[in-house]
Amino acid sequence: MDPNSTIIVPEDRHGLHAIDILDPDLMFGSDSVYYFHDMIVEMRKWGFEEGKTLFGFGYDFRQSNRLKETMDRLAAKLESIYNAAGGKKINIITHSMGGLLVKCFMCLQSDIFEKYVKNWVAICAPFQGAPGTIYSTFLNGMSFVEGWEQNFYISKWSMHQLLIECPSIYELMGCPNSHWQHIPVLELWRERRDSDGKSHIVLESYPPCDSIEVLKQALLNNTVNYNGVDLPLPFNLEILKWANKTWEILSSAKLPSQVKFYNIYGTSLDTPHSVCFGSGDKPVTDLQQLCYFQAKYVCVDGDGTVPIESAKADGLNAEARVGVPGEHQRILREPHVFRLLKHWLKAGEPDPFYNPVNDYVILPTAFEMERHKEKGVEVASLKEEWEIISKVQDDQSCTADKVCSISVSQEGANQSYSEAHATVIVHPNNEGKQHVQLNALAVSVDAS
């Protein structure tokens, strides 16, 4: 809105400054503002060096994921890194919308992508959009930071006014032709009258294409005050056309055969999928009042922002897709994610025990089984031992064995009887290893 302002993406620390922390000048510590900071620290431990083998690429998140300026900057960045590394191909790690940006780049500048890129790891990418979150964003705004820390940032309502003009937000609505297993909808409780003039409260449901008209009407007279002047800020249909073209490009993406693609998606959190406004007691009577209604979410599994179904819908020939329990932003600090990256990128010393899917591995070390029957009594005994290797726990103070026992018994017909006993002993060890021992005994008596 201000022609005298220019957005500059900082290139300090070879681009890492722009992706490190949301606000590096913040005086208090809060994990809400961290982005790639912990990952940068971890990758240094693996031997990566800033400016030599470790770089960052920041961009204006509000712009389209296929903005030519951004595409050209990324092409120049990849070329400079490739040349600085003496012709070694590059690993790209993206988070969230960065996955859409790289997928657009892969389509629009496929020759450069194929020439310079070796591996691409996408983390929590909304490959099919995040419509539940975006419906609410258009009508109510959004907060980048939750809790009391959000008081230090732009308000949710101001962010609402800002995002209505952001092409990237329209692109996050998702592809209009997406084949959702469960279609996301915009729901409204409305008051309707039948042919007899009687009033009824009904729940109306609008799938993605039909929801556009609701957003259009709700934001018809929306304005923003800038320097004392009220500027119109309706739902922007021209940007929507641009966004739909972006989705056409994304849908046609092809992964070069020489590039390996990996997908990490977040799980275990309630994630907005559909959104509902109003209620049976307080229906929506005026669509232009929707901005003042509190959204109610219908949630599915995901990372709190991107549903699993969307994050997995990359449409590419992936080497692996792994779900990691974690929140959309904080997942960048998860040790499991670090271990996945280290394993896939073959960084540092190899970990022969690592199972990327489960983040641990079980190695059988002993197995004994014995069974015999004599005079109607059948006895079976079992002994197994395993070594479990998992990530090193923060608390290594526990050195005592952990014991769990269970016993069951049952009396049957004709005085038959059976019972079973099992004991599991976990022996703590060092370096993330645990020795597990199972002893089981089953006895049955056949009175007949």
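Numbering starts at 1 and runs along the sequence shown.
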*Please answer whether the main-chain N or O of V284 pairs with a side-chain N or O of R190 as donor and acceptor at a distance below 3.5 Å.*
yes
*For K346 and N91, what are the C-alpha separation, side-chain angles and deciding distance, and is it a side chain to side chain contact (heavy atoms under 4.5 Å, CB included)?*
CA-CA 11 Å; K346 297 178 173 59; N91 300 313; over 6 Å; no
*What's the spacing between N225 CG and T223 OG1 if we round to 0.5 Å?*
7.5 Å
_Contact check, side chains of L188 and L287, non-hydrogen atoms, under 4.5 Å_ = yes
*Is it true that a side-chain atom of N119 and a backbone atom of L345 form a donor plus acceptor pair closer than 3.5 Å?*
no
_Any donor-acceptor pair under 3.5 Å linking the side-chain atoms of S168 with those of Q63?_
no
*Considering only heavy atoms from C-beta outward, does the side chain of K115 approach that of L78 to under 4.5 Å?*
no
*What pair of heavy atoms forms the shortest contact from L203 to C276, and how long is it?*
CD1-SG, 4.1 Å
*Would you confirm whether T246, through its side chain, and W242, through its main-chain N or O, come within 3.5 Å as a donor-acceptor pair?*
yes
*Kindly indicate, with the supporting measurements, whether the criterion side chain to side chain contact (heavy atoms under 4.5 Å, CB included) is fulfilled by L139 and Y135.*
CA-CA 7 Å; L139 296 171; Y135 285 145; 5.5 Å; no
*With no hydrogens and no angle check, do the side chains of S199 and R193 hold a donor and an acceptor under 3.5 Å apart?*
no
*Hey, does the side chain of E327 reach the backbone of Q329 with a donor-acceptor pair shorter than 3.5 angstrom?*
yes
*Could E42 and R333 be called an ion pair, given the rule that one side-chain N must be under 4.0 Å from one carboxylate O?*
no
*Determine the sole option in K245, E69, E171 for which the side-chain hydrogen bond (donor to acceptor under 3.5 Å, both in side chains) test with S64 is passed.*
E171
_Beyond-backbone contact of V337 with L332, side-chain heavy atoms, under 4.5 angstrom_ = no
*Give a yes-or-no answer on whether the side chains of E114 and Q258 include a donor-acceptor pair shorter than 3.5 Å.*
yes
*Under 6.0 Å from the six-membered ring centre of W344 and within 45° of its axis: does the NZ or CZ of R339 meet both?*
no
*With side chains defined as the heavy atoms from C-beta onward, is the minimum distance between P208 and P184 less than 4.5 Å?*
yes
*Of the non-hydrogen atoms in M39 and F338, which two are nearest, and what is the gap between them?*
CA-CE2, 3.7 Å
_Under a 3.5 Å distance rule, please check whether Y170 uses its side chain to pair with a backbone N or O of N236 as donor and acceptor._
yes
*Considering all heavy atoms, the nearest G58-V9 contact*: O-CG1, 3.3 Å
*Closest non-hydrogen atom pair between R192 and V202, with its separation*: CG-CG2, 3.7 Å
_Between D301 (side chain only) and S268 (backbone N and O only), is there a donor and an acceptor less than 3.5 Å apart?_
yes
*Step through it carefully: locate the ring centre of F293, locate the ring centre of F277, and say whether they are under 6.0 Å apart.*
no
*Using 4.0 Å as the upper bound for N to carboxylate O, is an ion pair formed by R62 and D60?*
yes
*First locate atom CH2 of W189, then atom NZ of K296, and finally report the distance between them rounded to the nearest 0.5 Å.*
9.0 Å
*Should T94 and W120 be marked as a side chain to side chain contact (heavy atoms under 4.5 Å, CB included) after you check the CA-CA gap, both sets of side-chain angles, and the distance that decides it?*
CA-CA 8 Å; T94 62; W120 170 26; 3.1 Å; yes
*Nearest heavy atoms of M173 and F138, plus distance in Å*: SD-CE1, 3.5 Å
*Between D38 and Y34, which heavy-atom pair has the shortest distance, and what is it?*
OD1-CD2, 4.0 Å
*Return yes if some donor-acceptor pair links the side-chain N/O of T271 with the main-chain N/O of G302 below 3.5 Å, else return no.*
yes
*Can you tell me if CD1 on I183 sees more than 12 non-hydrogen neighbours from other groups inside 6.0 Å?*
no
_Residue pair S136 / Y297, side-chain donor-acceptor N/O under 3.5 Å_ = yes
*Just wondering, do N221 and Q288 contact through their side chains at under 4.5 Å, heavy atoms?*
yes
*Rounded distance [0.5 Å steps], CG in L215 versus CD1 in I164*: 9.5 Å
*Go through R66 and E248 one step at a time and tell me if the salt bridge (Lys or Arg N to Asp or Glu O under 4.0 Å) criterion holds.*
CA-CA 12 Å; R66 61 180 175 97; E248 287 183 27; over 6 Å; no
_Value rounded to 0.5 Å, distance of CD1 in I19 from OH in Y59_ = 10.5 Å
*Taking atom NE2 of H179 as the centre, does the number of heavy atoms from other residues, nucleotides or ligands within less than 6.0 Å exceed 12?*
no
*Is D314 paired with K103 through a side-chain N to carboxylate O contact shorter than 4.0 Å?*
no
_Regarding K282 and E191, does a basic nitrogen lie under 4.0 Å from an acidic carboxylate oxygen?_
no
_With a 4.5 Å cut-off on side-chain heavy atoms, are V41 and R44 touching?_
yes
*Supply the atom-to-atom distance T267 OG1 to K312 NZ, rounded to the nearest 0.5 angstrom.*
10.5 Å
*asked:* What verdict does the side chain to side chain contact (heavy atoms under 4.5 Å, CB included) test give for L220 and Q217, after you've listed the backbone C-alpha separation in whole Å, the side-chain angles of each residue and the deciding distance to 0.1 Å?
replied: CA-CA 5 Å; L220 186 64; Q217 292 299 320; 4.2 Å; yes
*Indicate yes or no for a side-chain donor-acceptor contact from E50 to the backbone of L16 under 3.5 Å, with no hydrogens or angles considered.*
no
*State, yes or no, whether a side-chain contact exists between Y82 and I90 at a heavy-atom distance under 4.5 Å.*
yes
*Rounded to the nearest 0.5 Å, what's the gap from CH2 on W247 to CD1 on I249? Could you check?*
12.0 Å
*Say whether H328 and D303, considering side chains only, have a donor N or O and an acceptor N or O under 3.5 Å apart.*
yes
_For the backbone of S110 and the side chain of K254, can you confirm whether one donor and one acceptor N or O come within less than 3.5 Å of each other?_
no
_4.5 Å side-chain heavy-atom contact, I425 and V436_ = no
